[in-house]
Amino acid sequence: MEDFNIQNILFYPETLSIDFLEPVIQKKEVTQIPFQKIDIQSINKKNNNVFIIDKSFFLHPENTSLFSILKQESLLVLADENNHFNIPENLIYQYIHPAYPKSAFIKTVSNVFNTLDQIKKLKQTEKELIIAEDKIDELQAVGLAMSTQKDRNMLLNIIVRLCIDTTGADAGTLYLLDDNPEDQNEKILRFMVNQNFSLNIQSVPFTMPLDKKSLAGYVAITHKILNIKDSYSIPESEEFLHSKSFDEKYNYITKSILTFPMLNRKDEAIGVIQLINKRKHIDVVLKDKNDFEEFVVPFNEIDERTVSALGSQAAVALENTMLYDSIQKLFEGFIKASTKAIESRDPTTSGHSERVAFYSVELAKAVSETTSGKYKDTYFSPEQIKELEYSGLLHDFGKVGVREDVLIKAKKLYPDELQAISYRFAFARQNILIQAQNEKLATAKIENREEFEKKSLEIDQKTNESLQKLDHYLEEIKRINEPTVLKSEDFGILEEIEKISCSNECEETDKLLTPEELKKLKIPKGSLSDEERKEIESHVLHTYGFLKNIPWTSEMKNIPEIAYSHHEKINGKGYPRGISDKDILVQGKIMAIADIYDALTASDRPYKKALPVEKAIHILEMEVKDNHIDKELLDIFVQNKIYEKTRIKIEE
Ligand SMILES: [Fe+2]
Ligand SMILES: [Fe+2]
């Protein structure tokens, strides 16, 4: 009965005295109105009315529509014992003849009040249950929205928006606790996000000291929720105060404020959220003074409970993103360090992995935006773009498994091999000179002076010719040693040299060139022998072997495969697997283009001049003709001038 505090109106026939009901209805606000004066419209607006009426009421012509407008919990009909009035079944009613004993009358009325109470409570509970269910749904949705968001700034905005939506606030601000850059032992509050429904303002970042003078500081220190009904009536005795500068600057009136901490799992405050001006209706825009008076209400207890849950959820989600960020940074650091490790073994290709990653990413983004051709439906999500970037950074990691002298081999012979050849030529030179001296000595013994001088001249001439030839051969060896394409006459020269020995008496082993050196010099194109080429090519297998041992997340699961495919060709003639078009991932085809383009245009390979863009693209077009790379991907690469974007990025 005590809870039944909504106004009750009691109508009664003038003939009926209700003094005896006093004990039952004493706690009610009762208005006694004769039937004749009932205003049906006004009844309709009120709740929980109790009517005591009799037959005479229904005889009054204006009252006949009463039933149709009364709600279930509204009616007690005390009428005569016969249901003359066709009372609908959903109304609470009891027939009692006015001549019933008073005690029966009292009991009936009392029962009806109790019934109404129960109904009222039931309805209230149902309503609360629905609100609670809605809140639970809302909080679950909030939790989901927050837990799936990995970008910190996006998350902060989501948190503030959700707080505003769930409480009906007009504005919300989020601060995070941060280290004071001037004193690492101190903390400060850093403004992060502000959203204001009624004002369109661009907030400037700022920080404030962490102390109890500000509402946010007070909440961060005490972990208490501050629910202020009107910021203009904060008692002076409070430690905190609310600055009026914002209101003055923007002609705004901050009335109700709900400030609450974001507490993490360890119950530490990591941030504070401040909600301003709860509005009666969520879509009200507060413009002038009257709006603030009329539509701003204090935050209630449900708001406090909701934000308390929200604050903790937000803190956990935020810490998750920070953890995710730091894992991401750690991982990227590891990848960059790995890239450095690869490139430190081969400084001539420094920056290659990073550029391949960048070209690949830019090309993939351009593919996502393509609206025609076979890639019009291809879209790479941000996660797939990241996956491609990591693949690019790591694609040549397997070079760590290739011998360094092979890896950095710039010419057909290793430098020490060429050195050995030079020594052998010097030795041969000396031999020729000694031989000439010996010949001259022998001649001097047997010939007269005139004859001797003549023969000496001949010997000198022959010696010079031999020396010149030797020098010529060494020059030819040096030329052939360059990683160029050999002509057929070059093989002839090598065959000539092959026959020459260091000295006339020398054995087979004293040849100017060893069979091994000859074989290397006869490499028809480039600087690598077949074995060395195979060894270099094995870097892809090493890369794959290394990458597939990393427990990648599902979003990154294609990294090993993408890197594995970067030397495959559309026609199946690439390596190491020789897979063709349909079996190569698009990302692998993208990386193949990026890899070739960078190898051609990189300016940091001393043995190979950097080609100008036009020439490189021309070579890539040849690659398309040979069915090595994907035509449409190259078209997108060229049309979007991916190489220019990269140049800008690298110059940065
Ligand atoms: Fe490679
Ligand atoms: Fe590469």
Side-chain angles (χ1 to χ4, degrees), residues 352-353 355-380 384 388 391-392 395-396 398 483-486 523-528 530 532-541 543-544 558-602 605 608 610-643 646:
H352 169 69
S353 307
R355 287 192 301 270
V356 168
F358 196 80
Y359 288 128
S360 303
V361 163
E362 290 302 311
L363 180 52
K365 284 184 191 164
V367 168
S368 284
E369 283 167 18
T370 300
T371 51
S372 60
K374 74 170 168 186
Y375 292 111
K376 69 177 194 311
D377 297 326
T378 305
Y379 170 76
F380 296 107
Q384 286 175 307
L388 184 58
S391 309
H395 78 285
D396 277 339
T484 48
V485 178
L486 288 191
I523 293 169
K525 189 182 166 191
S527 64
L528 300 173
D530 286 348
E532 288 163 344
R533 185 169 303 285
K534 280 203 180 94
E535 187 170 349
I536 292 261
E537 287 179 2
S538 74
H539 80 276
V540 190
L541 278 170
T543 296
Y544 182 68
N558 288 321
I559 288 180
E561 178 60 32
I562 297 170
Y564 201 15
S565 311
H566 79 273
H567 287 297
E568 297 293 352
K569 292 175 178 168
I570 304 284
N571 62 4
K573 298 213 171 126
Y575 63 88
R577 290 173 290 171
I579 52 170
S580 53
D581 195 12
K582 64 174 182 14
D583 297 318
I584 309 172
L585 286 180
V586 184
Q587 293 97 315
K589 295 177 196 171
I590 286 175
M591 194 166 293
I593 294 178
D595 193 48
I596 299 172
Y597 180 82
D598 187 65
L600 293 171
T601 53
R605 298 189 180 201
K608 214 161 73 185
L611 291 183
V613 173
E614 300 69 33
K615 197 103 190 257
I617 287 169
H618 179 70
I619 293 175
L620 283 166
E621 279 161 358
M622 293 294 113
E623 291 285 296
V624 167
K625 276 208 177 115
D626 292 342
N627 210 12
H628 290 171
I629 57 172
D630 186 290
K631 183 186 182 313
E632 289 198 38
L633 287 177
L634 181 64
D635 288 345
I636 298 169
F637 184 81
V638 175
Q639 279 155 19
N640 290 276
K641 295 193 171 143
I642 302 300
Y643 40 86
T646 313

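Position 1 is the first residue of the sequence, and the numbers go up from there. Excluded from the calculations below are hydrogen atoms, water molecules and symmetry mates; all remaining heavy atoms, backbone and side chain alike, are included.
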Review point. Between the side chain of S527 and the main-chain N/O of P483, is any donor-acceptor distance below 3.5 Å?
Key: no
Point to revise | I636 backbone acceptor or donor facing N640 side chain under 3.5 Å | key: yes
**Study point:** H566 NE2 to I593 CD1 distance, which is reported to the nearest 0.5 Å
**Key:** 14.0 Å
Review point. Looking at NE2 of H352 and CG of D598, how far apart are the two atoms once the value is rounded to the nearest 0.5 Å?
Key: 5.5 Å
**Study point:** Heavy-atom pair of closest approach, residues A563 and V540
**Key:** O-CG1, 4.0 Å
Exercise for review: Flag the pair I596 / L620 as yes when at least one side-chain heavy-atom distance between them is below 4.5 Å, and no otherwise.
Suggested key: yes
Check your understanding: Out of V356, V613, L634, L363, which residue meets the side chain to side chain contact (heavy atoms under 4.5 Å, CB included) rule with Y597?
Key -> V613
Review point. Is any side-chain heavy atom of I642 less than 4.5 Å from a side-chain heavy atom of F358?
Key: no
Exercise for review: Count the heavy atoms belonging to other residues, nucleotides or ligands that lie under 6.0 Å from NZ of K374, then report whether that count exceeds 12.
Suggested key: yes
Exercise for review: Determine yes or no for a side-chain-to-main-chain donor-acceptor pair under 3.5 angstrom, with D630 supplying the side chain and E632 the backbone.
Suggested key: yes
Practice item. Could you check if a side-chain atom of T601 sits within less than 4.5 angstrom of a side-chain atom of R355, using non-hydrogen atoms only? Key: no
Study note, to complete from the structure: CG of D377 to OG1 of T370, rounded to nearest 0.5 Å, is 11.0 Å
Review point. Checking side-chain contact (heavy atoms from CB on, under 4.5 Å) for the pair M591/S391: CA distance, chi angles, key distance, verdict?
Key: CA-CA 9 Å; M591 194 166 293; S391 309; 3.7 Å; yes
Point to revise | E621/K615 ion pair, N-O < 4.0 Å | key: no
Practice item. Quick one: pull up CG in D581 and CD1 in I629 and give me the separation to the nearest 0.5 Å. Key: 12.0 Å
Review point. Would K525 and L486 satisfy side-chain contact (heavy atoms from CB on, under 4.5 Å), going step by step from the backbone distance to the final call?
Key: CA-CA 6 Å; K525 189 182 166 191; L486 288 191; over 6 Å; no
Practice item. Report yes if the distance between the aromatic ring centroids of H395 and H539 is under 6.0 Å, otherwise no. Key: no
Check your understanding: How long is the gap from CG on L541 to CZ on R577, to the nearest 0.5 Å?
Key -> 9.0 Å
**Study point:** Aromatic ring proximity, centroids under 6.0 angstrom, Y643 and Y359
**Key:** no
Practice item. Please name the residue in the list K589, H628, E623 that meets the side chain to side chain contact (heavy atoms under 4.5 Å, CB included) test with I570. Key: K589
Review point. Just how far is it from atom CD1 of I584 to atom CD1 of I590, taken to the nearest 0.5 Å?
Key: 12.5 Å
Review point. Yes or no on side-chain contact (heavy atoms from CB on, under 4.5 Å) for V367 and Y379, after CA distance, side-chain angles and deciding distance?
Key: CA-CA 7 Å; V367 168; Y379 170 76; over 6 Å; no
Exercise for review: Would you check if the side chain of S368 reaches a backbone N or O of F380 as a donor-acceptor pair within less than 3.5 Å?
Suggested key: yes
Point to revise | E568 side chain to G578 backbone, donor-acceptor under 3.5 Å | key: yes
Exercise for review: Run the salt-bridge test on K534 and D530 with the 4.0 Å N-O cut-off and return the result as yes or no.
Suggested key: no
Exercise for review: Evaluate the criterion side-chain contact (heavy atoms from CB on, under 4.5 Å) for residue pair L611 and I619; output intermediate values, then yes/no.
Suggested key: CA-CA 10 Å; L611 291 183; I619 293 175; 3.3 Å; yes
Check your understanding: Using a distance-only test with no angle check, is there a side-chain donor-acceptor pair under 3.5 angstrom linking Y564 and N558?
Key -> no
Check your understanding: Do the side chain of N571 and the main chain of K573 share a donor and acceptor less than 3.5 angstrom apart?
Key -> yes
